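Worksheet: the structure to be examined is printed underneath.
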Amino acid sequence: QVQLVESGGGLAQAGDSLRLSCAASGRTFRSYGMGWLRQAPGKERELVAAISWNGISTYYKDSVKGRFTISRDNAKNTVYLQMNSLKPEDTALYFCAARVSMGVVTTSEGYDYWGQGTQVTVSS
């Protein structure tokens with residue numbers, strides 16, 4: 001199993017940047033494909049970005065391409081989501097998730113382990 005703890009959320013204005021971090025427990029972090037998902041009030045949870053175990057392969061939701069960057073540091077057991085040019089529609093609870101996988105997990109339902117989430121609120 002792996003435990004995930006997110007941090008870095010907060011209040012931002014449109015156009016600002018935030019960086020989310022997700023710290024994972026355990027010594028097998030490099031065995032996991034990782035993802036960042038979000039859920040806004042009244043909406044379904046959606047996959048925002050995902051990354052393979054070695055960081056080489058990534059996936060992005062169309063609406064965040066060119067603005068968000070997912071990365072990972074296996075030595076630190078941490079995955080990041082750099083969010084630039086934030087928009088009010090990016091407001092949501094952001095979750096870090098993991099699945100034992102060598103590749104990129106590109107569906108919200110494909111993850112087995114979840115963090116508690118960190119809130120991102122973007123004002124116009």
Side-chain angles (χ1 to χ4, degrees):
Q1 280 194 348
V2 61
Q3 293 186 331
L4 306 171
V5 179
E6 303 95 336
S7 61
L11 300 175
Q13 292 189 331
D16 284 353
S17 297
L18 286 175
R19 188 174 83 153
L20 306 183
S21 298
C22 172
S25 65
R27 296 181 288 179
T28 58
F29 179 69
R30 60 179 63 244
S31 300
Y32 293 90
M34 301 296 297
W36 284 99
L37 301 92
R38 68 186 181 189
Q39 188 166 20
K43 295 187 177 181
E44 292 187 354
R45 188 174 297 183
E46 61 181 7
L47 179 64
V48 174
I51 191 166
S52 61
W53 74 278
N54 57 4
I56 292 178
S57 299
T58 57
Y59 161 88
Y60 294 97
K61 178 179 174 62
D62 284 347
S63 61
V64 307
K65 285 181 180 177
R67 299 189 299 121
F68 290 10
T69 303
I70 188 170
S71 62
R72 66 189 295 164
D73 186 338
N74 286 345
K76 296 182 178 180
N77 282 13
T78 302
V79 62
Y80 305 96
L81 185 67
Q82 178 66 43
M83 304 186 296
N84 298 331
S85 302
L86 283 163
K87 302 177 180 180
E89 51 264 43
D90 294 320
T91 294
L93 185 63
Y94 282 72
F95 299 89
C96 173
R99 177 185 175 91
V100 175
S101 173
M102 301 298 287
V104 181
V105 181
T106 59
T107 62
S108 299
E109 299 78 16
Y111 290 91
D112 297 318
Y113 304 101
W114 297 79
Q116 294 298 307
T118 185
Q119 179 68 37
V120 172
T121 303
V122 184
S123 61
S124 58

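Heavy atoms only: backbone and side chains are in, while hydrogens, waters and symmetry mates are out. This one's a predicted model, so the numbers in the text were calculated from it and none came from an experiment.
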State whether the side chain of [X] and the backbone N or O of [Y] hold a donor-acceptor pair below 3.5 Å, judged by distance alone.
X	Y	result
Thr91	Val122	yes
Glu6	Gly117	yes
Arg30	Asn74	no
Ser108	Leu47	yes

Report task. Tell me, please, whether Phe29 has Arg72 positioned over its six-membered ring: NZ or CZ under 6.0 Å from the ring centre and within 45 degrees of its axis? Result -> yes
Testing the basics here: between [X] and [Y], what is the closest heavy-atom pair and its distance to 0.1 Å?
X	Y	value
Leu18	Val120	CD1-CG1, 3.9 Å
Leu86	Ala12	CD1-CB, 4.0 Å
Ser17	Asn84	OG-OD1, 2.9 Å
Gln119	Leu93	N-CD1, 3.7 Å
Leu81	Ala49	CD1-CB, 4.0 Å
Ala14	Pro88	CB-CD, 4.2 Å

Any link between [X] and [Y] through a network of hydrophobic side chains (Ile, Leu, Val, Met, Phe, Trp, Tyr) touching at under 4.5 Å?
X	Y	answer
Tyr80	Tyr32	no
Trp114	Trp36	no
Ile70	Tyr111	no
Val79	Val2	yes
Trp53	Tyr113	no

Query - Glu89, CD atom: more than 12 neighbouring heavy atoms under 6.0 Å - result: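 Counting neighbours around CD of Glu89, more than 12 heavy atoms of other residues, nucleotides or ligands fall under 6.0 Å, so yes.
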Query raised in the report: Do Leu4 and Met34 touch side chain to side chain, with heavy atoms closer than 4.5 Å?
Result: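 Touching, per the 4.5 Å side-chain cut-off.
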Query raised in the report: For Arg38, which residues count as a side chain to side chain donor-acceptor pair (under 3.5 Å) partner, sequence neighbours excluded?
Result: Glu46, Asp90, Tyr94
